[in-house]
Amino acid sequence: MSYSKRKPNESMRLIVIFFFGGFLGLFIGLSVPAFSTTKLNLPSSLLPSIDLSCIRGRDTWSFMKNDDSISSQDQLLNSPSKIWVPTNPRGAERLPPGIVNAQSDFFLRRLWGLPNEDFTSKPKYLVTFTVGYQQKKNIDAAVKKFSKDFTILLFHYDGRTTEWDEFEWSKKAIHVSVHKQTKWWYAKRFLHPDIVASYEYIFMWDEDLGVENFNAEEYIKLVKKHGLEISQPALEPQKGLIWNMTKRRNDSEVHKQAQEKPGKCKYPLLPPCAAFVEIMAPVFSRDAWRCVWHMIQNEFVHGWGLDFAFRKCVEPAHEKIGVVDAQWIVHQGIPSLGDQGEAQTGKPAWRAVKERCGMEWRMFQGRLTNAERGYYKSKGIDFSDLLAHN
C-alpha cells in the first residue's frame with residue numbers, strides 16, 4: 001500500500017525536476033556568451049570517439065589541422081620525457097643540444113683511424129676559383145701562391161674536372177662541376193655561411209688574374225693589420241681599368257678612398273670612391289661573408305651591382321673595406337665567360353651575356369632600394385632623402 005502511494009509522488013517530482021532543469025539550461029544559454037570549441041582541452045584518447053562535425057563542422061577540423069604543430073610543441077614542453085629545445089636551429093628542436101652540429105666545412109677526412117686524428121693542422125682560409133680547363137696554367141700559377149693554410153675549391157663551368165689531376169695540388173682540392181654557371185651561382189649554393197664558418201677569410205676569385213706580385217700570407221697580415229672585413233688586391237694600372245679605387249698605389253700598403261672622375265662621387269665616403277672593391281677578386285671575413293651571402297639574389301648569377309652594396313654588410317664601411325696596394329694582381333680580362341652564352345636574335349653569345357649582366361645590375365639596384373624603402377616605411381621613418389647615400 002505504501003509503495004503505490006509513493007509512486008505518483010515520485011513521478012511528479014521527476015516532472016518538476018525535468019522542467020526546472022530545462023528552464024535553467026535555457027536561462028544559462030541566453031546569459032553566457034557562446035563558447036568556442038577551441039577552448040576545449042580534451043584528452044587525445046577521447047578525440048577519435050567524438051564526431052567533431054557535430055560540434056563545429058569544418059571549422060573544428062581546420063582548427064585541429066592548423067594548430068597541430070602548436071599542440072605538439074605544448075605536449076613536448078609539458079612532458080619531461082620529450083625533448084623540445086626552441087633555441088636549436090630550425091628543424092632540430094627535437095634534438096638534445098649536445099648532438100646538434102649546425103656547421104660543416106670542406107676539410108678532407110680519412111676513411112680509417114680515429115676522427116680526431118685526421119689532421120695535424122686545419123686550413124684557416126678558403127680560396128675559390130671559377131674555372132674552365134683552358135685557363136689551367138693561370139690557375140696552376142695562382143694556386144701555388146696559396147699555402148697549406150688554404151683550402152682550394154674549384155668551380156668548373158665547363159664540366160672538365162679529371163683533367164686537372166695532372167697537377168698534384170688538384171688531388172687535394174675540392175671540385176664542384178656544373179655546366180655554364182657563374183661564380184655567384186656557385187657561391188649561393190655551395191658557400192653557405194654555415195659551410196664556410198671554419199675559415200677566417202674567404203677569397204672568391206676569377207680565373208684570369210695574374211699573381212706574379214702576390215703573396216697570400218702577406219696579404220692576410222695586411223688585411224688584419226688594417227682591420228679590413230672586405231678587401232681585394234690592388235690592380236696593376238693598365239688599359240681597361242675601370243675604377244680608380246681599385247688601382248694600385250706605390251706609396252701605401254692599403255688605401256680606403258680614392259678620387260674619381262668628375263660626377264662619379266657625389267658622396268666621397270660611398271662607392272665608387274670609398275667602401276668599394278670589385279667582384280673579380282674580393283676577399284671576405286667570416287662575418288662579412290655571412291651578411292653578403294644573404295644579399296646574393298638566387299636568380300642573379302653575374303653579381304653585377306653587388307660590389308656597390310658590399311658596404312651594407314660592415315660598419316663603418318669606409319673604414320672596413322679597402323684595397324691592398326702592397327700585394328697586387330693583374331686583371332687579364334680574358335672573356336671566357338662570354339663563350340658560355342648563346343647567341344640571341346642575331347647577337348653574338350658574348351653580347352647576350354653582357355646584356356644579362358647589365359639587366360641584373362638594374363634589377364638588383366631596384367630590388368635593394370625597394371627593400372630599404374619598405375623597411376623604413378614599416379618603422380614609420382621617411383628615409384626617402386637618405387636612401388641615395390645611406
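Residue indices begin at 1 and follow the sequence shown.
- Between R248 and D325, no side-chain nitrogen of the basic residue sits less than 4.0 Å from a carboxylate oxygen of the acidic one, so the salt-bridge criterion is not met.
- At a threshold of 4.5 Å between non-hydrogen side-chain atoms, the residues T128 and T130 do not count as touching.
- With hydrogens and angles left out, the side-chain atoms of R189 and N298 include a donor and acceptor closer than 3.5 Å.
- Here T246 contributes atom OG1 and L235 contributes atom CG; the two are 4.5 Å apart, rounded to the nearest 0.5 Å.
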Item checked: Candidate pair Q135 and D208, rule side chain to side chain donor-acceptor pair (under 3.5 Å), full reasoning -> CA-CA 8 Å; Q135 304 304 323; D208 58 345; over 6 Å; no
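- Counting heavy atoms from C-beta on, the side chains of V85 and L95 never come closer than 4.5 Å.
- Under the 30°/60° scheme for interplanar angles, the aromatic rings of F107 and Y199 are found to stand perpendicular.
- The closest side-chain heavy-atom distance from V324 to Q327 is below 4.5 Å.
- In this structure, H175 and H156 have parallel ring planes: the angle between them is below the 30° cut-off, well short of the 60° mark.
- Under the side chain to side chain contact (heavy atoms under 4.5 Å, CB included) rule, F203 has a single partner from F129, F146, F284, which is F146.
- Rounded to the nearest 0.5 Å, atoms CZ (R367) and CE (M295) are 13.0 Å apart.
- A donor-acceptor contact under 3.5 angstrom links the side chains of Y219 and S231, judged on distance only.
- Look at K171 and D165 and you find no salt bridge, because none of the NZ, NE, NH1 or NH2 atoms lies under 4.0 Å from a carboxylate O.
- Residue C265 holds its SG atom at 9.0 Å from CG of L270, rounded to the nearest 0.5 Å.
- Defined by atom type and a distance below 3.5 Å, a donor-acceptor pair is missing between the side-chain atoms of Q257 and H318.
- Using a 4.0 Å cut-off between a side-chain N of Lys or Arg and a carboxylate O of Asp or Glu, K247 and E236 do not qualify as a salt bridge.
- Listed for the T182 side chain is a donor-acceptor partner under 3.5 Å among the backbone atoms of V301.
- Here the straight-line distance linking atom CD1 of I329 with atom CE of M280 works out to 7.0 Å at 0.5 Å rounding.
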Margin query: I'd like to know whether Q103 forms a side chain to side chain donor-acceptor pair (under 3.5 Å) with S198, so could you lay out the CA-CA distance, the side-chain angles of the two residues, the decisive distance to 0.1 Å, and finally the verdict.
Written below: CA-CA 8 Å; Q103 299 176 346; S198 298; 5.6 Å; no
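- Checking side-chain atoms of K256 against main-chain N and O of V323 turns up no donor-acceptor pair under 3.5 Å.
- The pair E217-K221 fails the salt-bridge criterion, with no side-chain N (NZ, NE, NH1 or NH2) lying under 4.0 Å from an Asp/Glu carboxylate O.
- Using a 4.0 Å cut-off between charged side-chain N and carboxylate O, E229 and R286 make no salt bridge.
- Under 3.5 Å, the side chains of H179 and D158 contain no donor-acceptor pair of N or O atoms.
- The nearest pair of heavy atoms linking P271 to R311 is CD-CD, 3.4 Å.
- The cluster map of Ile, Leu, Val, Met, Phe, Trp and Tyr, joined by side-chain heavy atoms under 4.5 Å apart, puts W328 and L209 in different clusters.
- Taking hydrophobic clusters as Ile, Leu, Val, Met, Phe, Trp and Tyr residues chained together by side-chain heavy-atom distances below 4.5 Å, L269 does not share a cluster with F276.
- Checked options E207, E163, E166; the residue passing with K136 is E166 (criterion: salt bridge (Lys or Arg N to Asp or Glu O under 4.0 Å)).
- Rounding to the nearest 0.5 Å gives a distance of 9.5 Å between CE of M204 and CD1 of I279.
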